[in-house]
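What you see is a predicted model; the values in this text were computed from it and never measured. Values reported hereafter were calculated over all heavy atoms of this structure, with side chains retained and with hydrogens, waters and symmetry mates removed.
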Amino acid sequence: MKKLTGVSLFIFFCVVTAILTAGLVFYQNNKGSNLNTGLANQNKVKDITNLVSSGITTLDSIEVSKHNSISDCWIIVNNKVYDISNYASSHPGGTRNIADSCGKESTRSYDTKGGAGNSHSPSANTLLSKYYLGNLNQKISQNTLNQNVKNAKSSSGTNNSNTTVNNNSSNNTVAGITPPSGNIVLNTVEVSKHNTNADCWMIINNKIYNLSDYASAHPGGVQNITNFCGKEATQAFDTKGGRGNTHSSFANSLLAQYYIGDLNQTTSQNTLNQTIQNTQLNPPPINNRGNDDEGD
Amino acid sequence: MKFKNSFPLIIILILALIPIVRWFFMDPLSLRFFDLNSTTTSFGQITGLLGMILFSINLILSNRSRFFDKIFSGLHIFYDHHKWIGAVSFCFLLFHPLFLVVKYITVSVNSAAMFLLPGTNFAITMGIIALGAMIVLLVITLYLKIKYHIWRFSHKFMVGVFVFAILHTLLISSDISRDMFLRYYIFIFAFIGLAMGAYRSFFRIFFNKDFEFKVVKVNILNNSVAEIEIEPVDRKIEFRSGQFIFIRFVGVGISSEPHPFSIASNTGDDNLKIVIKSLGDYTSTINKVIKGMVAKVEGPFGSFYENNNSVKKEIWIAGGVGITPFLSMARSLGNINHNIDLYYCLKNPSEAVLLKELNAISVSNTKFRVITWYSEEKGFINADIIEKGSNGLKDGVVYICGPLPFMRILQSQFISKGVDKDNIHFEEFNFL
């Protein structure tokens with residue numbers, strides 16, 4: 001009997017220690033690469049800085065603090081400076097939570113969702129990277145800064161659909177370069193690429209829906225969404241996963257807001273990006289975040 | 001660990017599996033074991049259910065009683081069940097969060113770490129506290145060598161752990177918590193378990209269920225052994241010779257936890273006699289027992305001696321202070337129609353207690369013989385010697401009471417001589 005409990009205790013402590021160490025200690029260290037705009041970005045800025053010498057600004061906390069209103073909103077997260085003026089109204093956690101951070105060092109708020117507990121998802125991290133201006137205390141030329149600010153302001157919360165979004169994601173978009181356009185077919189192969197919680201497409205009744213980041217808001221639990229990311233989900237949707245009931249009309253109208261195209265439709269990358277951007281602007285209802293859905 | 005009687009275990013297994021069967025039929029299995037996340041979540045739910053129900057049952061099985069003594073065929077078997085069910089439920093509960101965390105790891109290790117730590121979800125925090133406290137208490141119980149009365153006090157707090165576990169189970173939101181049958185089933189068992197655990201650990205003394213006795217005589221038999229006679233204040237106890245009681249003395253210098261002692265007195269007497277040898281932390285305080293002291297008695301328990309006149313021959317073997325149940329058996333002998341040989345095994349004559357009285361009983365009852373055996377003179381006793389001394393072991397029923405190794409060695413010797421295992425009886429409180 002002591003052997004049985006001894007082995008179980010040993011496994012328990014190994015797993016828990018591993019998760020806590022990796023999840024807390026290494027996460028702190030790797031936060032930079034999670035919010036990765038790529039070393040490429042940094043290097044590009046440095047190159048440009050070397051070329052252009054007029055009007056050098058230092059992106060220090062004093063500079064950041066000048067941009068402290070919702071319409072001109074800079075934040076510092078993990079020693080990087082971001083201009084999220086354009087994003088504030090799209091924030092699923094509400095505009096207020098953004099406004100409270102404008103002009104300020106916001107690493108802790110970002111990492112704990114303002115003390116609510118959990119950190120932001122990988123797709124949120126990728127999204128944030130699009131608003132990157134430069135590193136904290138970096139000396140940057142006015143020209144480059146203007147360019148970066150312009151890019152940040154034109155970035156409207158799109159996660160490039162060709163990026164695989166997970167912990168190791170690196171955004172291939174470099175500030176100042178527009179994404180490639182071309183045609184894309186929304187077939188099952190394409191849908192199956194978007195099969196994670198953070199980048200989640202589903203086929204329901206021959207229509208494709210982008211439910212990225214919706215999973216945790218799902219009243220029926222996270223798992224029932226994540227089980228179908230990247231997949232055909234009509235039956236599951238119509239029967240609530242075999243339980244028998246159909247979804248309510250409210251659920252149906254909510255689903256419609258995440259529509260991005262018909263199955264096997266051909267569309268251009270730009271149009272798709274625009275459509276996806278629209279779905280991002282419809283954050284899921286947040287009234288059940290963080291209370292009961294953990295128990296699955 | 002062998003269970004003589006597997007009937008109670010079967011009942012326990014059925015009670016534990018009912019919620020699992022229900023769980024299996026709640027949802028299509030294809031949705032339960034679809035992929036890694038759903039599979040591990042399902043195992044997480046199963047381990048949670050099993051852990052909780054077994055914990056509840058174990059609290060019910062923390063409550064010794066004459067009823068349980070009977071249906072488990074002995075209190076030591078009853079406590080064996082308690083220990084094993086406790087260990088198994090503990091293992092299930094350790095794996096419960098490990099299975100559930102997998103789906104968070106697949107999102108990010110950080111979210112997995114957040115899941116394992118107390119946070120905004122109150123139900124999960126309750127579960128974390130329960131499991132953490134359970135780990136502390138069970139490591140103390142299983143792996144630390146601490147004084148018995150300290151351990152006993154710490155173990156009472158399992159009831160507190162269970163309260164947190166109930167809060168976790170009550171408040172957690174999941175598809176299993178939404179099923180009415182499971183909710184009622186788990187909660188009924190949980191509340192019965194809580195009630196019985198709290199009763200046994202904290203409130204029992206207020207119910208005055210124990211028999212109240214008073215010490216009337218302390219008879220010092222030698223420099224480490226005393227016979228204590230207690231008189232019932234109100235109700236007297238009906239017992240069979242060979243049975244034992246739990247006694248707690250209420251007095252200065254003696255710790256108040258109950259300890260088991262064989263009854264040494266005649267079944268016909270209202271007064272009880274016990275023989276205590278100074279052996280350990282508790283028994284070394286026997287010199288604090290004085291006339292007039294209150295003794296609370298719980299029992300009687302045990303089924304060591306079944307006096308059966310159809311038996312052809314009885315062999316009693318007592319090692320050291322294991323003479324105690326035989327004292328009662330000898331004092332209670334009526335007319336016997338078969339031979340009873342008592343082998344009283346000691347190191348040397350100075351250890352013998354109440355030998356005069358035993359010899360007197362032997363004189364007045366020719367079929368009862370007392371054979372003393374001193375290991376310092378003749379070496380350790382063994383089955384060969386007994387076989388010779390008693391004219392063979394055929395049709396004999398053997399009763400052994402003494403130190404554990406003494407009993408075990410003799411048992412294996414008798415078995416190799418062809419004595420049926422069922423005809424060899426041990427005084428079980430050595431196992432408690």
Side-chain angles (χ1 to χ4, degrees), chain A residues 1-16 18-28 30-31 34 111-113 115-119 121-122 125 166-167 196-198 215-216 220-224 226-228 236 239 241-243 288-296, chain B residues 1 26-28 30-31 34-35 37-38 41-42 44-45 48 80 83-84 86-88 90-95 97-98 100-101 103-117 119-124 127 131 135 138-139 141-143 168-169 171-178:
Chain A
M1 179 207 317
K2 281 189 193 179
K3 258 194 221 152
L4 173 70
T5 50
V7 168
S8 305
L9 271 168
F10 179 72
I11 294 174
F12 177 84
F13 277 109
C14 284
V15 172
V16 168
I19 291 177
L20 289 180
T21 316
L24 297 176
V25 174
F26 290 121
Y27 180 70
Q28 297 285 352
N30 289 342
K31 239 194 303 212
N34 277 348
D111 281 348
T112 62
K113 285 189 182 168
N118 303 342
S119 56
S121 68
N125 295 339
N166 56 29
N167 246 356
T196 67
N197 185 9
S216 48
V222 172
Q223 199 175 315
N224 290 324
T226 57
N227 284 345
F228 294 95
T239 63
R243 241 161 280 198
N288 53 357
R289 277 204 76 49
N291 41 13
D292 315 296
D293 290 328
E294 310 285 1
D296 277 13
Chain B
M1 172 212 64
M26 269 171 65
D27 272 342
S30 55
L31 285 181
F34 196 89
D35 60 359
N37 278 354
S38 55
T41 300
S42 296
Q45 294 179 332
D80 264 353
K83 290 176 199 170
W84 269 97
V88 168
F90 181 45
C91 293
F92 280 131
L93 293 172
L94 284 174
F95 280 100
L98 297 187
L100 291 177
V101 80
K103 71 176 190 226
Y104 290 90
I105 299 179
T106 58
V107 172
S108 79
V109 190
N110 181 261
S111 66
M114 290 299 130
F115 173 72
L116 293 178
L117 292 173
T120 51
N121 187 314
F122 182 73
I124 291 187
L131 187 59
I135 292 173
L138 290 184
V139 164
T141 299
L142 291 166
Y143 302 107
H168 170 74
T169 315
L171 297 172
I172 200 78
S173 176
S174 76
D175 58 355
I176 62 176
S177 72
R178 289 188 267 272

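Atoms CG and CG, on A:Leu24 and B:Leu117 in that order, are 6.0 Å from each other to the nearest 0.5 Å. Separation of atoms OG1 (A:Thr5) and NZ (B:Lys83) is listed at 13.0 Å; rounding is to 0.5 Å.
Proximity to chain A (any heavy atom under 4.5 Å) is restricted, for B:Leu131, to the side chain, taken from C-beta onward. Contacts of B:Ala123 with chain A are absent, with no heavy-atom separation under 4.5 Å from either backbone or side chain. In this structure, chain A has heavy atoms under 4.5 Å from both the backbone and the side chain of B:Ser38.
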Criterion side chain to side chain contact (heavy atoms under 4.5 Å, CB included) on A:Thr196 and B:Thr106, from CA distance to verdict:
CA-CA 9 Å; A:Thr196 67; B:Thr106 58; over 6 Å; no
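Residue A:Gly23 comes nearest to B:Asn110 through the heavy atom pair O-ND2, 2.7 Å, listed as atom of the first residue, atom of the second, then distance. Between A:Ile19 and B:Ala113, the shortest heavy-atom contact is CG2-N, 3.6 Å. Smallest separation of non-hydrogen atoms from A:Phe12 and B:Leu94: CD1-O, 3.3 Å.
At least one side-chain heavy atom of B:Leu98 sits less than 4.5 Å from a side-chain heavy atom of A:Ile11.
Among A:Thr226, A:Val15, A:Leu9, A:Val16, the residue making the largest number of heavy-atom pairs under 4.5 Å with chain B is A:Leu9. Chosen from B:Ile135, B:Leu138, B:Val101, the residue pairing most often with chain A at heavy-atom distances under 4.5 Å is B:Ile135.
A:Lys2 places no side-chain N or O within 3.5 Å of a backbone atom of B:Tyr143 that could act as its donor or acceptor partner.
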